[in-house]
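What you are looking at is a predicted structure, and each value in this text was computed from that prediction instead of being measured. The basis for the numbers below is simple: all heavy atoms, side chains too, and nothing from hydrogens, waters or symmetry mates. Below, chains carry the letters A, B, ... as their sequence lines are ordered, and counting in each starts from 1.
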Amino acid sequence: MEVPSMKPSDSTIPAPNTLPRTLIADLPSRIGHEVRLQGFLHNVRRLGTLNFVVLRDRTGLAQVRADADEMAPLTGLPDESVLEVTGTASAEPRAPGGIELVTPRFFVLAAATAPPPVVLSRRELKASLPFLLDHAAVSLRHEDRRQALALMAALAEGFRSTLRELGFTEVFTPKIAAATAEGGAEVFPLEYFDVPAYLTQSPQLYKQMLVGVLERVFEVGPVFRAEPHDTGRHLAQYCSLDAEMGFIDTVADLIATAREALAGMMAAAAARIPGQEAVLMPDPLPSLPFWEAMTVLEAAGVRQPGDRPDLTPAGERHLGEWARAELASDFLVVTGYPQDERPFYTHPDPHHPGYSRGFDILFRGLEIVTGGQRLHREADYLRVMAERGMDPSPFEAYLEAFRHGMPPHGGFAIGLERVAKQWLGVANIREVTAFPRYRGRLAP
RNA sequence: GGAGGCGUGGUGUAGCUGGCCUAACACACAUGCCUGUCACGCAUGAGAUCGCGGGUUCGAAUCCCGUCGCCUCCGCCA
């Protein structure tokens, strides 16, 4: 096959460039000076001999005023084309933000070849979620979606910095494993060279083993769930903020640490994205034993006395409203879940047979954290595995950690996307995820 | 896995008790006019055989069956 001339379509950089790039957010400090901006063609308003070009870079929007001659390089250019513009930063009360670029010279760095599939310059993205996700490369450029991505970054950073300050070490565990951690829950199988393997649904077993090494560990990473649920709060891949700590006295130590982590996340989010409703977060977080939560729900008629003891989404929503109204809190800790409902490594509550030292934390009526104290003696593991009919042999490397001494410990996992969803108050978790994975979506 | 709902220009919707549909509206797009726009405005224009297949009927976007795709809720979970 004949290869056409591969001569690069370079020639794009106007030479020589002696002027450094100015970010739009820095324009106010450059008033009266010649500046060079680079960004995307956000919007054009042509009034005739007076025209306004709005340029967007990662720091904001800038208005450029141009006459008909100056507009010539933009003729026929679709929105989102990549531009460079030099001109004078000028104070102008009639301009948005009181500043605009005048006497501009435009240079096209990359011309868009088609108009964007959605209008990015409107306040609201007016398209269905599946369409936006199909066109993520473009729709993510909208202010709302960029803000959601920034929020995710801020939340993750708030988690990391808080735990680092508390003496935790960040760890990196494998996402491909031979055994399934929780047993039962559905996993994605894959071929690992010539043996079967799975994408991990949790770093649980690894972070416990690492408690025996570093005492306090945390991890920010993806987990995979092959459960076929198709709801506004589930993803097949999501980011789990995991923490595990040794030498705890009681499960209250874990809840206090989880609160610290969440408080750090809320503060980071508020600093990055101002103007949102303040989060109600008492110290300590209000908590409710599981059976009392059931009583609250029965009193409200959300749940029937004969129902199997569990917390349904409707029950969670009601508890969220209840906690806000009665306890002035956006968070509610539910403690002492039935042992049967929790994984094998969960520590039972010796004072309440049948109940565990596992807990969940609800944020505005949605479960965002699961945690608990774990067993820490090898004999206890062998006993519960036998009771549950589990073969201990795949867990040999895990059990070795306990054979050689493991402190009383526990931990928790926070669903990052869920926190972001609740924080922004959006209807669907897919709105805060750049490229969500769920049943029915594998691309982009 | 279970229940319900929706598929109409590029996008979002109206029409959907059959004929007035030669399919409407808003946004986007194209052309023209406009010296302070900031959801710019005004005018003109292009763009859809109404998801796909079959059926009923003189006549189907509209009713029926099938099929595909999507959405919501539930079970389970973070």
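Base pairing of B/A78 is not made with any nucleotide, judged by Watson-Crick or G-U wobble geometry with both donor-acceptor distances under 3.5 Å. With a cut-off of 3.5 Å on both pairing distances, the Watson-Crick or G-U wobble partner of B/G19 is B/C58. Nucleotide B/C50 forms a pair with no other nucleotide shown, judged by Watson-Crick or G-U wobble geometry with both contacts under 3.5 Å. Pairing of B/A3, defined by two Watson-Crick or G-U wobble distances under 3.5 Å, is identified with B/U72. The partner of B/G10 is B/C27, by the rule that a Watson-Crick or G-U pair needs both atom distances under 3.5 Å.
The distance between atom CG of A/Leu416 and atom C1' of B/A78, rounded to the nearest whole Å, is 10 Å. As a whole-Å value, the separation of A/Leu132 CG from B/U11 C1' is 10 Å. One atom, CH2 of A/Trp423, and another, P of B/A78, lie 24 Å apart when rounded to the nearest Å. For A/Asp134 and B/U11, the CG to C1' distance is 13 Å, given to the nearest whole Å. As rounded to whole Å, 10 Å separates atom P of B/A39 from atom CG of A/Asn43. For the pair A/Arg441 CZ and B/G69 P, the computed distance is 14 Å after rounding to whole Å. One atom, CG of A/Asp360, and another, P of B/A78, lie 7 Å apart when rounded to the nearest Å. Rounded to an integer number of Å, the gap from A/Glu417 CD to B/A78 P is 14 Å.
The side chain of A/Tyr438 places no N or O atom within less than 4.0 Å of a non-bridging phosphate oxygen (OP1 or OP2) of B/U72. Within the structure, a side-chain polar atom (N or O) of A/Thr370 is placed less than 4.0 Å from OP1 or OP2 of B/A78. Phosphate contact (OP1/OP2 of B/G36, side-chain N/O of A/Arg94, threshold under 4.0 Å): absent.
Distance from the side chain of A/Pro130 is smallest for B/C71 among the nucleotides B/C40, B/C71, B/A78. Here the side chain of A/His234 is nearest to one of B/C74, B/C77, B/G75, namely B/C77. Out of B/A28, B/G1, B/G75, the shortest distance to the side chain of A/Arg122 is found at B/A28. Comparing B/A78, B/A28, B/C77 by their closest approach to the side chain of A/Arg233 singles out B/C77. With B/U37, B/A78, B/C76 as the choices, the nucleotide that has an atom nearest any side-chain atom of A/Arg225 turns out to be B/A78. Set against B/C77, B/A78, B/C71, the side chain of A/Tyr238 has B/A78 as its closest nucleotide. Taking the side chain of A/Ala127 as heavy atoms from C-beta on, and the options B/G12, B/G1, B/C27, the nearest nucleotide is B/G12. For A/Arg45, the side-chain atoms get nearest to B/C40 when compared with the rest of B/G36, B/C40, B/G12.
Between the side chain of A/Thr88 and the backbone N or O of A/Ser90 there is no donor-acceptor pair closer than 3.5 Å. With hydrogens and angles disregarded, no donor-acceptor distance shorter than 3.5 Å links the side chain of A/Gln237 to the backbone of A/Arg437. Side-chain N or O atoms of A/Arg36 include none that pairs as donor or acceptor with a backbone N or O of A/Val85 at under 3.5 Å.
Between A/Val54 and A/Arg45, some side-chain heavy-atom pair lies under the 4.5 Å cut-off.
Aromatic ring orientation, A/His376 versus A/His347: parallel (interplanar angle below 30°, classes split at 30° and 60°).
Taking the six-membered ring wherever Trp is involved, the centroid distance between the rings of A/Tyr381 and A/Tyr398 falls below 6.0 Å.
At a threshold of 4.0 angstrom between heavy atoms, the contacts of A/Gln237 with the nucleic acid are absent. Within 4.0 Å (heavy atoms only), A/Val54 reaches no atom of the nucleic acid at all. A/Pro96 comes within contact range of at least one nucleobase, with a heavy-atom separation under 4.0 Å. Backbone-only contact: A/Val119 has heavy atoms under 4.0 Å from sugar-phosphate atoms and none from a base. Residue A/Ser128 is classed as a sugar-phosphate contact, given heavy-atom separations below 4.0 Å to backbone atoms only. Counting any heavy atom pair closer than 4.0 Å across all strands shown, A/Leu235 reaches a base atom. Looking at heavy-atom distances under 4.0 Å, A/Glu92 makes contact with a base. No engagement by A/Ala114 is indicated, since no non-hydrogen atom pair under 4.0 Å with the nucleic acid exists. Residue-level contact check: A/Leu47 touches the bases, meaning some heavy atom is under 4.0 Å from a base atom. At the heavy-atom level, A/Asn428 lies under 4.0 Å from the strands shown only through sugar-phosphate atoms. Residue-level contact check: A/Phe131 touches the backbone only, with heavy atoms under 4.0 Å from sugar-phosphate atoms and none from bases. Looking at heavy-atom distances under 4.0 Å, A/Arg430 makes contact with sugar-phosphate atoms alone, never a base.
With C1' as the reference atom, B/U17 and B/A60 are 14 Å apart, rounded to whole Å. Look at the C1' atom in both B/A14 and B/U57: the space between them is 26 Å, to the nearest Å. Distance noted for atom C1' between B/U11 and B/U31: 22 Å (whole Å). Separating the P atom of B/G12 from that of B/G7 is a span of 12 Å, rounded to the nearest Å. B/G53 and B/U72 are spaced 27 Å apart, taking the C1' atom of each and rounding to whole Å. Taking the C1' atom of each, B/G18 and B/G55 are spaced 15 Å apart, rounded to whole Å. Look at the P atom in both B/C20 and B/C74: the space between them is 43 Å, to the nearest Å. Comparing B/C42 with B/A26, their P atoms sit 10 Å apart, to the nearest whole Å.
For B/A39, the base has no donor-acceptor partner in the side chain of A/Arg123 [N/O atoms by modelled type, under 3.5 angstrom]. For a distance-only test at 3.5 Å, the side chain of A/Glu124 fails to qualify as a donor-acceptor partner of the base of B/G12. For A/Arg418 against B/C77, a side-chain N or O and a base N or O form a donor-acceptor pair under 3.5 Å.
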Side chain to side chain donor-acceptor pair (under 3.5 Å) between A/Ser356 and A/Asp349, intermediate numbers included: CA-CA 5 Å; A/Ser356 73; A/Asp349 182 350; over 6 Å; no

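Residues A/Thr49 and A/Ala427 each lie close to RNA chain B; by heavy-atom proximity, the contact nearer the 5' end of the strand is made by A/Thr49. Projected onto RNA chain B by closest heavy-atom contact, A/Leu50 and A/Gly76 fall at different nucleotides, the more 5' of which corresponds to A/Gly76.
With respect to the salt-bridge test (charged N to carboxylate O, under 4.0 angstrom), the residues A/Glu165 and A/Arg216 do not qualify. A/Arg21 and A/Glu84 are not joined by a salt bridge, as no carboxylate oxygen comes within less than 4.0 angstrom of a charged side-chain nitrogen. Note on A/Glu367 versus A/Arg317: no salt bridge recorded, every NZ/NE/NH1/NH2 to OD/OE distance being 4.0 Å or above.
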